[in-house]
Amino acid sequence: MKISFKEHNVVSRLKNTTKLKTFLVAISKHENVDFKLVTYIFCSDLYILNLNQKFLQHDTFTDILTFLLSNPEDPITSEIYISVERVKENAILFKTPYSQELLRVIIHGLLHLCNYKDTSATQKKIMRSRENFYLSQYGFT
């Protein structure tokens with residue numbers, strides 16, 4: 001599994017990328033999902049809004065968009081877009097450190113690729129539980 005991090009006209013302040021990549025690979029193994037390539041692209045609110053409008057016909061800001069680029073029978077190739085502005089605002093809103101909220105969103109995107117959904121209340125509860133589990137494994141409690 002290859003993981004890459006890119007920044008599109010923003011500064012994510014992402015730290016310890018080698019450790020994080022190793023951790024994300026461990027999540028994929030723990031979830032028993034075969035990945036080939038996951039590219040995280042950190043971007044602005046406006047950039048992610050344009051993607052949301054163009055590809056999902058949603059006219060709303062969001063913190064993350066996950067796009068599956070591979071066929072269902074192949075190892076997963078994906079691009080995950082994360083709005084740094086949204087993550088910063090959510091960190092303030094939820095009273096958590098920015099680094100923790102950023103990691104939560106990074107994990108959230110990977111969990112979507114592991115077939116976790118978050119449309120219903122029950123699905124959201126399961127997703128949040130998995131996020132919290134992996135955050136605690138990484139060292140955030």
Indicate, with yes or no, if [Y] and [X] share a hydrophobic cluster defined by side-chain heavy-atom contacts under 4.5 Å among Ile, Leu, Val, Met, Phe, Trp and Tyr.
X: Ile80; Y: Leu102; result: yes
X: Tyr138; Y: Met127; result: yes
X: Leu110; Y: Leu37; result: no

### Query
Hey, what's the ring geometry for His112 with His108, parallel, tilted or perpendicular (30° and 60° as the breaks)?
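His112 and His108: perpendicular rings.
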Using every non-hydrogen atom in the two residues, find where [X] and [Y] come nearest and quote the distance to one decimal.
X: Glu85; Y: Leu46; value: OE1-N, 4.5 Å
X: Leu49; Y: Thr60; value: CD1-O, 3.3 Å
X: Gly109; Y: Thr66; value: CA-OG1, 3.7 Å

Spatial distance of atom [atom1] ([X]) from atom [atom2] ([Y]) [nearest 0.5 Å]:
X: Ile82; Y: Ser44; atom1: CD1; atom2: OG; answer: 13.5 Å
X: Cys114; Y: Ile27; atom1: SG; atom2: CD1; answer: 8.0 Å
X: Leu135; Y: Ile106; atom1: CG; atom2: CD1; answer: 10.0 Å

Taking C-beta and beyond as the side chain, do [X] and [Y] meet within less than 4.5 Å on heavy atoms?
X: Leu20; Y: Leu103; result: yes
X: Phe35; Y: Leu24; result: no
X: Ile76; Y: Asp34; result: no
X: Lys117; Y: Lys124; result: no
X: Glu131; Y: Leu111; result: yes
X: Val38; Y: Leu113; result: yes
X: Phe23; Y: Ile107; result: yes

For [X] and [Y], indicate whether the former's side chain and the latter's backbone hold a donor-acceptor pair under 3.5 Å.
X: Thr96; Y: Ile92; answer: no
X: Ser83; Y: Asp63; answer: no
X: Tyr40; Y: Glu79; answer: no

### Task
Taking atom types as modelled, find out whether Gln123 and Asp118 have a side-chain donor-acceptor pair closer than 3.5 angstrom.
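Distance-only check fails for Gln123 and Asp118.
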### Message
Assess the residue pair Asn132 and Arg104 against the criterion (side chain to side chain donor-acceptor pair (under 3.5 Å)); give the C-alpha distance rounded to whole Å, side-chain angles, the decisive distance to 0.1 Å, and a yes or no.
### Response
CA-CA 8 Å; Asn132 288 338; Arg104 178 184 298 282; 2.9 Å; yes
### Query
Is the closest basic N to carboxylate O distance between Arg86 and Asp45 below 4.0 Å?
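A salt bridge is present here (some side-chain N lies under 4.0 Å from a carboxylate O).
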### Query
Does Lys88 pair with Glu101 as a salt bridge, N-O distance under 4.0 Å?
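Salt bridge: no.
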### Query
With Tyr134, which residues qualify under ring-ring contact (aromatic ring centres under 6.0 Å, His included), at least two apart?
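Counting only residues at least two positions away or on another chain, Tyr134 forms a ring-ring contact (aromatic ring centres under 6.0 Å, His included) with His30.
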### Query
What pairs meet the side-chain hydrogen bond (donor to acceptor under 3.5 Å, both in side chains) rule with one or both residues in residues 2-15, with sequence neighbours excluded?
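Matches after skipping sequence neighbours: Ser4-Thr39, Glu7-Ser12.
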### Task
Mark yes when over 12 heavy atoms from residues, nucleotides or ligands other than Asn32 sit less than 6.0 Å from its CG; otherwise mark no.
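No, not enclosed.
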### Message
My understanding is that a hydrophobic cluster links ILVMFWY residues whose side chain heavy atoms are under 4.5 Å apart, including indirect links. Using that, what else belongs to the cluster containing Leu69?
### Response
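Joined to Leu69, directly or through intermediates: Ile41, Tyr47, Ile48, Leu51, Phe55, Leu56, Leu65, Phe67, Tyr81.
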